Amino acid sequence: MSLDPRRATAVQLAAAYRSGEVTALATTTALLDAIEHEEAHLSAWLHLRRDAALGEASAADARFTAARGNTAALAALPPLLGVPIALKDLVNLEGTPTTSGSKILEGYISPYDATIAARLRAAGAVILGKTNMDEFAMGSSTEFSAYKRTTNPWDLDRIPGGSSGGSAAAVAAFQAPLSIGTDTGGSIRQPASLTGIVGMKPTYGRVSRYGIVAFASSLDQVGPFARTAQDAALLLHAIGGRDTHDATSSAEPLPAELLALPSGDAAATALKGRRFALPKEYFVAGMEPGVERAVRAAVASLEAAGATIEEVSLPTTEHALATYYIVAPAEASANLARYDGIRYGASKHGGGDLLQGYLETRGRGFGPEVRRRIMLGTYALSAGYYDAYYVKAQQVRTLIARDFDRVWAAGFDAIVAPTSPQVAWRFGAKMSDPVSMYLADACTIPANMAGLPGVSIPCGLSEGLPVGAQLIGRPWSESQLLGIASGFEAITATAEWRSVEPTALARAANGGAA
Ligand code: GLN
């Protein structure tokens, strides 16, 4: 049976390119055709690079052809060579538009590559284009994009999660094996959970933020989306590591294990003897029973595979959300001050009056959620309130980190928890109530506050929609977390829910026929 280019993982493509079974050009063409055919229904993309991507695919094929027959030469080629990938539209890629989902950046063309974009190019990945997102990554549903409304391939009346909703939907819909997201409070893990894929927020500092449009600089992390843990590991390896352009990127070495993550029996066996902490505060009030059931079933299967599970308490969990909504808007208000109509993108002239020009550009360029965050952040940082809100929030942040430290000191390998208290909701359900939207991130925000790595992995279905389980680990434990994720894939490989795929998109794109 030949490889279906749409369904193939990055690992499978890499093998097939090397054996000559398929070419990067054929794969890229198939994906671009599918994207163009389905975009009217999925709305995941803001910019496609058809010609550039086909050129990159041909260049990759030329390298495979030159190396074929020479085992050493083939082995020396980078693992992502010729593998298609999507970038969230806040990653600068020289010569392409970068909007960050905002009208205020309409018309802006990136003059340089973000470090991760340069690393992906150097790895020979084929960059298909840029994906839709909530404006400046603020949101949990992608409905705050100024451009389009991305649907969930499992049910086109529902949101794909956010803010990296376009990147998650594209991978879930088999339009790309890999994509890039960013996670400030959950924007990789939550959409991964809601679309049934793997999404990882690495340790703060693991991946360079140079050239990534900033939201909240002490929380933002770039990370991978994929359909398997092994693929996510390959992508993390390609983008991670110290970058002299980003002083917060860490010199901590990238583990070579990311390139050879165990799968199948080896991964399943490695679960034996692992100790997992189950934090009781993560089973929050308002969690859907179907979600809780699927997560608890995942915990039971880890136990059946030889792991031990102990309930723990992370008492500051309940304060994480409130703390985040001081820290993140405060940092955002500072980061977004640069959009003044002079330096970037859209500009309104204000009749030649400088102040009027700022006011009009910012008043018209920013959408409602971004304006709300700027006002919250400016208020929290203003004289008289700074100590009461911002300083207090930073202190609580330390307490949140200490809660996690106690878990690691007790010897646990990882925390297992739900990613999202709910499955994907219907469009509009939370648009008139910002706080209900904020609550969607109650389980993901603590890891950002503490700078810890977290990964969401598919663990079942509720009401026919995907549920994600979250693994949170100690700093720099990404390869361990993804190894556990791979083990979970192995022990649930034959579970019935794994055989269910999203079909809503294909049905709609084929005019109603499956
Ligand atoms: N939903 C959260 C927010 O709106 C987190 C977003 C993110 O991680 N970028 O801020």
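Just follow the structure's listing: the first ligand is 1, and inside any ligand the first atom is 1. Being a predicted model, the structure only gives us computed values, none of them experimental.
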Any side-chain donor paired with an acceptor under 3.5 Å for [X] and [Y]?
| X | Y | value |
| --- | --- | --- |
| S164 | K88 | yes |
| T182 | R209 | no |
| N448 | R189 | yes |

Numbering the atoms of ligand 1 from 1, which are under 4.0 Å from a heavy atom of [X]?
| X | value |
| --- | --- |
| F215 | 9 (N), 10 (O) |
| Y324 | 2 (C), 3 (C), 5 (C), 6 (C), 10 (O) |
| S163 | 9 (N) |
| Y325 | 2 (C), 3 (C), 4 (O), 10 (O) |
| M138 | 4 (O) |
| G185 | 5 (C), 7 (C), 8 (O) |

(request) Check whether any heavy atom of G186 sits under 4.0 Å from an atom of ligand 1. (result)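 So G186 counts as touching ligand 1.
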
(request) Step through the shown structure and confirm whether more than 12 heavy atoms of other residues, nucleotides or ligands are within 6.0 Å of OH on Y112. (result) yes

(message) Tell me the nearest of R373, M437, E369, Q221 to atom 4 (O) of ligand 1, using heavy-atom distances.
(response)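 It is R373 that holds the nearest heavy atom.
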
(request) Please examine the side chains of T99 and Y108, heavy atoms only from C-beta on, and report whether any two atoms are closer than 4.5 Å. (result)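 Sidechains of T99 and Y108: no contact.
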
(request) With the side chain counted from C-beta on, respond yes when I415 and F276 share a heavy-atom pair under 4.5 Å apart, and no when they do not. (result) no

(message) When you measure from the centre of the six-membered ring of F427, is the NZ or CZ of R149 closer than 6.0 Å and no more than 45° off the axis?
(response)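 Output yes; distance and angle both within limits.
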
(message) Among all the protein's non-hydrogen atoms, which is closest to atom 7 (C) of ligand 1, and how far away is it?
(response)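 Residue, atom and distance for the closest contact: S187 OG, 2.4 Å.
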
(message) Quick test of your reading of the model: are E489 and R227 salt-bridged, counting only N-O distances below 4.0 Å?
(response)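 Here E489 does not pair with R227 in a salt bridge, since their nearest N and O are not under 4.0 Å apart.
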
(message) Salt bridge check, R121 against D113: does any charged N sit closer than 4.0 Å to a carboxylate O?
(response) yes

(request) Look only at interatomic distance and state if S140 has a nitrogen or oxygen under 3.5 Å from any nitrogen or oxygen of ligand 1. (result) yes

Proximity of [X] to ligand 1 by residue part, where a heavy atom lies under 4.0 Å:
| X | result |
| --- | --- |
| F136 | neither |
| D441 | side chain |
| A137 | both |

